[in-house]
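Notes follow the structure.
Numbers restart at 1 for each chain; the letters A, B, ... are given by sequence-line order, proteins then strands.
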Amino acid sequence: MTVRELLRTVGAMCVSILAASFVVFASLYAAPGDAESVLFGSTTPTDEVRAAVRDQYRLDDPFLVRYVHWLGSVAHGDFGTSFVGGQSVATRLGATAPTTLALVGLAGLLLVVIGIALGVPMGLRPGRVDTVLTTVVAVVAGIPTFVSATLLIAVFAVGLGWFPAYGADGLRGLVLPALSLALVSSAMLARITRASVRAESGREYVTTARARGLPSRVVVARHILPNAAGPVITAGGLLVAALFAGAIVVENAFGIAGLGSLLVSSVNRQDFPTVQAISLLLVVVFVLTNTLVDLAARGLDPRQRRRAA
Amino acid sequence: MPTPRRTPLRPALALVAVLALGLSACSGSDGSDSSGHEATFDTDTTTTPAATGPVDSFTWYGDYRSPATLDPIKVADYPELTVIPNLCESLLDTGPGYEPRPGLASAWEQVDPRTVRFTLRADVTFSDGSPMTREDVLFSLRRNLDPALASSYSILYQGVAAIEPYGTDQVEVTFTEPNAVFLKGMNTLGGAVISKAFAEAHPDDLGTPGTGVLCTGPYVLDSWDGVGPLTLERSPQYWNSEREPLAEQVRFEFPAEAKALANAIRTGAVDGGFNIPAEVIPSLRETGSGELWLGAEGSTPQNLDIIVSDLKKGPLADAAVRRALSGAVDREALVRTAFAGAADPLYAVAGPGLWGYAQERYRAAYDEIEKAATGAATDGRAAVEQAGVSGTGLTLAYPGGIEMYRTTATVVQQAAKELGLEMEIVALPLAQYYSLFSDASVRADYDAFLTMNYTQVQEPAFMYGFIGNKDGSQNYGGYDNPEVDRLLREAFGEPDDDARAELVIAAQAILSEELPWIPLVAPRAAVYLDEAVTGVPLTFAYMGTAWAASVGAP
């Protein structure tokens, strides 16, 4: 890959984030409800106080001025002050983000491991193995996250008592939430892996390699899998990035204080600064993951590698 | 808080309907537990059995979200009212049956209709060992007058002229108008005392996770990140030797969803909680350990009502139509379907849960209203026809995603149908629902909306003042009756309990005829305790006392 390509990719990423930040800000600007009623509740502030607060939150500035100011502050790591209780939004993000990152990280790992571990044999062994696994995958793919969360809690927490049903104390507490978060996506990844491996297995160069007497193990490891990896990495990356959205459901089901549960409660309480910050953060993470996956996939593609070299 | 509190989120958790689950234990409303052992109805006492010994720690359901702040006056919602009273004490303390008790003030007196005085204890210290002075008390009470702080208790402080020292150890509060109800709110966090020096050192971050508060209570903050669980530990030097906390540590969990709470209870992750959602009750049956306690009628001050958006517009502008609708609602069915039996039909907005005094008088008046209301159910259709609104369409808004409200709206819709009214029920997103209370233009789109209210002060004059006075803070429909206004204002300033009750009852009679709000049901307290702990109120009194100090081994 050339430097120019890299620059172009990074540039596109920045443009995406900027555009998304505008959409996030604008949609909350247009949302029903008004900041003053949130801040003062049923109390009636004096004109002086009202003016001071409107000034503090820049409620009287034109839309674009507010947007630019917000963007500038965010660039400096200042996400403003929560409407609720006056906590700094950055602190609230700091308190929740590590939990959500750990949850999504673990779920991502499970997603990739389960997806590939199921998808590869499905792709390589048409017949009974494929049929059985395809059925299993089809069933799993149809289970919504909140249902899998309920099932996993019922079996492994309430029934067997292996894992806690509630809260996120340590790695053990994250296992069930991560698993229920990863299940649906891992089924999707398994299908994609299967299709990709199957497609590569049928190519002429594979037939040729086999005809030349290369052991099956070598054919699979050296030829089929590397060439089948591209679509799997791209899809896997997108699925991992999408886990952040699923985290909202899982965190609430398991009573985990993470970005997702904070987002839900902040939306309900019309805490606009927090909602804006989390939305933007999710967008950034999504775009960032996409870009990285894109770069990785291109790096792995032999044709692209050769062109760069 | 003293102001009526709209609580769409809470009932989302507390009072979600248990449809078709046949919650037999809750079918009785008179305390007879006919078939199940999972629920204990306790109609005689206001507490669970007292604790007999200490425990190292216990974990409590701190309600549906982590507190927004630990500043006692900033936010008055269930999580704050569950946690903060253990940190910060008020001038008055609250007994389990809401009876006022000495707190940081050893005595209090309504000197005349415009003056109350508190005698401060001399032996109180903050949790850092520094003594509580009169300056701290003056400072803390005056914060409620500061518009910049937007105290949740500012309505309680309306009409306060001055808060000044008196004599050597007293504080005097004077009012511009006669005020007999201020005193009754001093056991809420509106009467809480914080350290002046600490508050002045932290003007911008008081109550936030990094800073916390400095108060006099039996517990201090141990750990809290502002969004997740919160842990309290025993204050190293609590001043009140008569109230030694039984637990070294109290941990609060804040599951947002009823299901998460159910799992936490079933797996022993929490030991107990107030306000257990009706939705959770069936699963408590399966735990085998632990017990659900349901309070008596009037064990909470909560009331579920229909608010009429505009009393001059639409079919509900006619009081006869409102009466007909009220009469047609099957409140018994509501109690069964929306509240799993853990509620009582309500015929006046300020029902048994708000009678802090003169109970017999209020009861007699209430019974009459109930009799009149249930007798009127038969000729509703005729009243609607006479009003000329038969077949008219109208809309009822309610907070979406909350089963209890959906069920209630459906029952009300059914009642309207029986009267010949075409009622459309509309679920609003919570943010939009909230704006019904602050924005008349949003209200204009709906004829009526559902709400759950409560006041923390056991004073019907308060509740009726909010909804019945022309300038009442919750008078959304524009109710304007000079006679009601006069009666309630007079009651507000009447120090004699019986005389005040008579004035309130006279206003209540008119309000129950004209129905600017239509009362539906009053939920009961639902408290869960596992086998490890006991010793909590079976009422909402926990919001006005350091309840955790009494929790210990059974």
If you count heavy-atom pairs under 4.5 Å with chain B, which of A/Asn252, A/Val158, A/Thr81, A/Val267 comes out on top?
-> A/Asn252
A/Thr150, A/Thr96, A/Ile153: which one forms the most heavy-atom pairs within less than 4.5 Å of chain B?
-> A/Ile153
Tell me, side chain or backbone of B/Ala269 under 4.5 Å from chain A's heavy atoms, or both, or neither?
-> side chain
Which bit of B/Pro429 comes within less than 4.5 Å of chain A, counting heavy atoms only: side chain, backbone, both or neither?
-> neither
Non-hydrogen atoms of A/Ala253 and B/Ala260 that approach each other most closely = O-CB, 3.4 Å
Can you see which heavy atom on A/Ala257 is nearest to which on B/Gly228, and at what distance?
-> CB-CA, 3.5 Å
Below 4.5 Å, heavy-atom pairs only: which of [options] has the largest tally toward chain A?
options                               : value
B/Gly207, B/Pro209, B/Ser66, B/Gly268 : B/Pro209
B/Glu253, B/Lys259, B/Gln158, B/Glu80 : B/Glu253
B/Thr208, B/Leu261, B/Asp205, B/Asp71 : B/Thr208

Gap separating the [atom1] atom of [X] from the [atom2] atom of [Y], nearest 0.5 angstrom:
X        : Y        : atom1 : atom2 : answer
A/Phe146 : B/Glu257 : CZ    : CD    : 10.5 Å
B/Thr267 : A/Phe163 : OG1   : CZ    : 14.0 Å
A/Tyr166 : B/Ile265 : OH    : CD1   : 10.5 Å
B/Asp225 : A/Gln87  : CG    : CD    : 8.5 Å

By residue number, those in residues 177-188 of chain A with heavy atoms under 4.5 Å from heavy atoms of chain B are none
So which part of A/Val264 gets closer than 4.5 Å to some heavy atom of chain B, the side chain, the backbone, both or neither?
-> neither
Does A/Phe286 have any ring pair (Phe, Tyr, Trp, His ring centres under 6.0 Å) partners at least two apart in sequence or in another chain, and if so, which?
-> none
